[in-house]
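We number each residue from 1, following the sequence as shown.
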Amino acid sequence: MNIIFMGTPDFAVPSLRLLLEEGYNVTTVVTQPDRPKGRKRVLTPPPVKVEAEKHGIPVFQPEKLRQADSVELLRQLKPDLIVTAAYGQILPKAVLELPQYGCINIHASLLPKYRGGAPIHHAVIRGEAVTGVTIMYMAVGLDTGDMISKVELPIEDTDTTGSLFEKLSIAGADLLRRTLPDLLAGRIQAAPQNEADAIYSPNIRREDELIDWSRSAFELWNQVRGLNPFPGAYTLWNGEVMKVWASANPKSSSEPRSRSFSGISGDAPAPGTVLGSSEQGIEVMTGEGSLWLTEIQPSGKKAMPVSEFVRGVQIPAGTVFGHSN
């Protein structure tokens with residue numbers, strides 16, 4: 001049996017590795033082209049390419065899979081099954097029709113919730129308590145195919161998008177291990193998705209990263225951890241971008257709370273107003289409650305715990321984030 005694997009980021013690596021460890025014949029890996037990374041813009045191969053080359057598997061990196069020559073190359077490879085995981089391009093109908101066992105995708109959500117390119121980010125940002133992985137048959141639409149199997153994972157208070165990426169990548173590989181024997185033996189009864197329950201999770205935009213202090217502390221806590229470790233939530237301080245990488249759970253009983261608004265005029269500080277700062281964090285007023293920032297990255301600086309930051313810099317109470325001060 002010939003299997004083509006399509007994937008790009010670290011999320012896809014455990015699934016490729018699983019196929020190889022289980023003895024499946026992965027004849028070709030398809031991934032995105034090498035891209036410039038970092039401040040020096042060094043041309044960097046995607047993680048899936050690095051893993052494939054470790055095992056001597058041929059790698060195909062088309063800029064656009066829809067192009068006729070790309071489709072023809074895949075046709076010549078005569079795949080019996082195509083497995084994808086966070087590949088980053090939509091497969092055209094001509095490719096979907098190639099393998100006799102179909103094209104299956106390992107998607108990092110409990111479909112039909114969070115279709116699209118950023119399901120993990122959006123699940124955390126929206127405060128979901130549970131997420132998971134769905135393996136589905138691929139269709140022409142975006143993550144609309146019939147569902148083959150699922151596994152659920154809780155979203156812990158300590159989770160960020162980064163920690164869930166790792167957990168879900170491992171869970172996806174394990175689900176693939178348990179699903180493939182039944183799929184290849186024809187024992188799968190796939191279930192259609194309920195369109196009424198569909199939620200889309202588009203790629204994160206720059207405007208999604210900006211902290212709106214008029215929202216509740218709990219919503220902003222979810223935003224901060226949902227954008228960690230990439231691309232990061234941010235606010236403005238002295239007219240410059242300040243990344244916020246971590247904050248304290250507003251619902252945690254152990255959260256420090258400032259009761260003094262000394263130095264701030266009025267009884268109800270505006271959202272974004274700094275209420276105080278210490279080694280415990282920077283307390284900021286929100287539209288509902290206050291949020292303690294615990295790890296920040298001022299413009300031009302490295303990310304650092306607030307406990308380190310306040311040793312050299314003080315942000316006075318009454319400072320308003322999101323404005324020039």
*Asks:* Any chance you could measure L18, atom CG, to S169, atom OG, to the nearest 0.5 Å?
*Replies:* 11.5 Å
*Asks:* Assess the residue pair T160 and V124 against the criterion (side chain to side chain contact (heavy atoms under 4.5 Å, CB included)); give the C-alpha distance rounded to whole Å, side-chain angles, the decisive distance to 0.1 Å, and a yes or no.
*Replies:* CA-CA 7 Å; T160 63; V124 179; over 6 Å; no
*Asks:* Do NZ/NE/NH1/NH2 and the carboxylate oxygens of K167 and D159 come within less than 4.0 Å?
*Replies:* yes
*Asks:* Please name the pair of heavy atoms, one in L43 and one in P36, separated by the smallest distance, quoted to 0.1 Å.
*Replies:* CD1-N, 3.9 Å
*Asks:* In terms of hydrophobic clustering (I, L, V, M, F, W, Y; side-chain heavy atoms under 4.5 Å; direct or indirect links), are V30 and L19 co-clustered?
*Replies:* no
*Asks:* Do the non-hydrogen side-chain atoms of T235 and L293 ever get within less than 4.5 Å of each other?
*Replies:* no
*Asks:* Side chains of W237 and V274: closer than 4.5 Å at any heavy-atom pair?
*Replies:* no
*Asks:* Can L183 be reached from V26 by stepping across I, L, V, M, F, W or Y side chains whose heavy atoms are under 4.5 Å apart?
*Replies:* yes
*Asks:* With sequence neighbours left out, what residues match P112 under side chain to side chain contact (heavy atoms under 4.5 Å, CB included)?
*Replies:* R115, Q193, D197, A198
*Asks:* Return the minimal non-hydrogen interatomic distance between S290 and L275, and the atom names on each side.
*Replies:* CB-CD1, 4.0 Å
*Asks:* Only one of L20, V48, T27 forms a side chain to side chain contact (heavy atoms under 4.5 Å, CB included) with I57, so which one is it?
*Replies:* L20
*Asks:* Are I3 and N25 side-chain neighbours, meaning at least one heavy-atom pair lies under 4.5 Å?
*Replies:* no
*Asks:* I'd like to know if the side chain of T28 and the backbone of I4 have a donor-acceptor N/O pair within less than 3.5 Å.
*Replies:* no
*Asks:* Sub-3.5 Å donor-acceptor pair from the side chain of T161 to the main-chain atoms of G226, do we have one?
*Replies:* yes
*Asks:* Mind running side chain to side chain contact (heavy atoms under 4.5 Å, CB included) on L227 and H121 for me, showing each step along the way?
*Replies:* CA-CA 6 Å; L227 296 174; H121 289 84; 4.3 Å; yes
*Asks:* Does T134 use its side chain to pair, donor to acceptor, with the backbone of S109 at less than 3.5 Å?
*Replies:* yes
*Asks:* How close do P92 and R66 get, heavy atom to heavy atom, and via which atoms?
*Replies:* CB-NH1, 3.8 Å
*Asks:* Please list, one pair per line, the donor and acceptor atoms closer than 3.5 Å that link side chains of residues 77-90 to other protein atoms, with sequence neighbours excluded.
*Replies:*
| from | atom 1 | to | atom 2 | distance (Å) |
| --- | --- | --- | --- | --- |
| D80 | OD1 | Q100 | NE2 | 3.1 |
| D80 | OD2 | N2 | N | 2.7 |
| T84 | OG1 | I104 | O | 3.4 |
| T84 | OG1 | N105 | OD1 | 2.7 |
| Y87 | OH | Q89 | NE2 | 3.4 |
| Q89 | OE1 | L65 | N | 2.8 |
| Q89 | NE2 | Q32 | OE1 | 2.8 |
| Q89 | NE2 | P62 | O | 3.4 |
| Q89 | NE2 | E63 | O | 3.2 |

*Asks:* Let me have the donor-acceptor pairs involving side chains of residues 143-153, under 3.5 Å, with sequence neighbours excluded, atom names and distances please.
*Replies:*
| from | atom 1 | to | atom 2 | distance (Å) |
| --- | --- | --- | --- | --- |
| D143 | OD2 | G116 | N | 2.7 |
| S149 | OG | T179 | OG1 | 2.8 |
| K150 | NZ | L111 | O | 2.5 |

*Asks:* Hey, does F165 have a side-chain heavy atom less than 4.5 Å from the side chain of P229?
*Replies:* no
*Asks:* List the residues meeting side chain to side chain contact (heavy atoms under 4.5 Å, CB included) with S216, not counting sequence neighbours, and say none if there are none.
*Replies:* F218, E219, E288
*Asks:* Please list, chain by chain and in numerical order, all residues satisfying side chain to side chain donor-acceptor pair (under 3.5 Å) with T131, sequence neighbours excluded.
*Replies:* none
*Asks:* Given side chains that start at C-beta, do those of W221 and T286 come closer than 4.5 Å, heavy atoms only?
*Replies:* no
*Asks:* Looking at G172 and S15, what are the two nearest heavy atoms and their distance?
*Replies:* C-OG, 4.1 Å
*Asks:* Could you tabulate the donor-acceptor pairs under 3.5 Å formed by side-chain atoms of residues 296-313, not counting sequence neighbours?
*Replies:*
| from | atom 1 | to | atom 2 | distance (Å) |
| --- | --- | --- | --- | --- |
| Q297 | OE1 | W245 | NE1 | 2.8 |
| Q297 | NE2 | K301 | O | 3.0 |
| R311 | NE | S307 | O | 3.3 |

*Asks:* What I'd like to find out is whether the side chain of M285 reaches to under 4.5 Å of the side chain of F321, using heavy atoms alone.
*Replies:* no
*Asks:* Side chain to side chain donor-acceptor pair (under 3.5 Å): which pairs involve residues 40-57, sequence neighbours left out?
*Replies:* R17-E51, D34-K49, K49-Q61, E51-H55
*Asks:* Only counting residues at least two apart or in another chain, list the ones meeting side chain to side chain donor-acceptor pair (under 3.5 Å) with K113.
*Replies:* E128
*Asks:* Treat each ILVMFWY residue as a node, draw an edge where side-chain heavy atoms are under 4.5 Å apart, and state whether I170 and V130 are in one component.
*Replies:* no
*Asks:* I need the L98 CG to L74 CG distance, nearest 0.5 Å.
*Replies:* 6.5 Å
*Asks:* Please round to the nearest 0.5 Å and tell me the distance separating atom CG of L91 and atom CE of M6.
*Replies:* 4.5 Å
*Asks:* Check side chain to side chain donor-acceptor pair (under 3.5 Å) between R177 and all other residues, then give those that pass, not counting sequence neighbours.
*Replies:* D174
*Asks:* Using the six-membered ring wherever Trp is involved, compare the ring planes of H122 and Y114 and label them parallel, tilted or perpendicular (cut-offs 30° and 60°).
*Replies:* parallel
*Asks:* Quick one: list whatever passes side chain to side chain donor-acceptor pair (under 3.5 Å) with Q223, sequence neighbours left out.
*Replies:* none
*Asks:* Would you kindly confirm whether V50 and V42 end up in one hydrophobic cluster when ILVMFWY residues are joined by side chain heavy atoms under 4.5 Å apart?
*Replies:* no
*Asks:* Taking the side chain as everything from C-beta on, heavy atoms only, tell me whether Y234 gets closer than 4.5 Å to L210.
*Replies:* yes
*Asks:* Quick one: pull up CG in N238 and CD1 in I315 and give me the separation to the nearest 0.5 Å.
*Replies:* 8.0 Å
*Asks:* For the residue pair L220 and S247, establish whether any side-chain heavy-atom pair is separated by less than 4.5 Å.
*Replies:* no
*Asks:* Output a table of donor-acceptor pairs, distance under 3.5 Å, between side-chain atoms of residues 185-192 and any protein atom two or more places apart or on a different chain; print 'none' if there are none.
*Replies:*
| from | atom 1 | to | atom 2 | distance (Å) |
| --- | --- | --- | --- | --- |
| R187 | NE | D182 | OD1 | 2.8 |
| R187 | NH2 | D182 | OD1 | 2.7 |

*Asks:* Rounded to the nearest 0.5 Å, how far apart are OH of Y24 and CG of L16?
*Replies:* 14.0 Å
*Asks:* If the condition is salt bridge (charged side-chain N to carboxylate O under 4.0 Å, His left out), which residues does R39 pass it with, not counting sequence neighbours?
*Replies:* none
*Asks:* Can you check side chain to side chain contact (heavy atoms under 4.5 Å, CB included) on I204 and I125, steps first, answer last?
*Replies:* CA-CA 11 Å; I204 299 297; I125 290 170; 4.3 Å; yes
*Asks:* If you round to the nearest 0.5 Å, how far is CG of D10 from CD of E166?
*Replies:* 9.5 Å
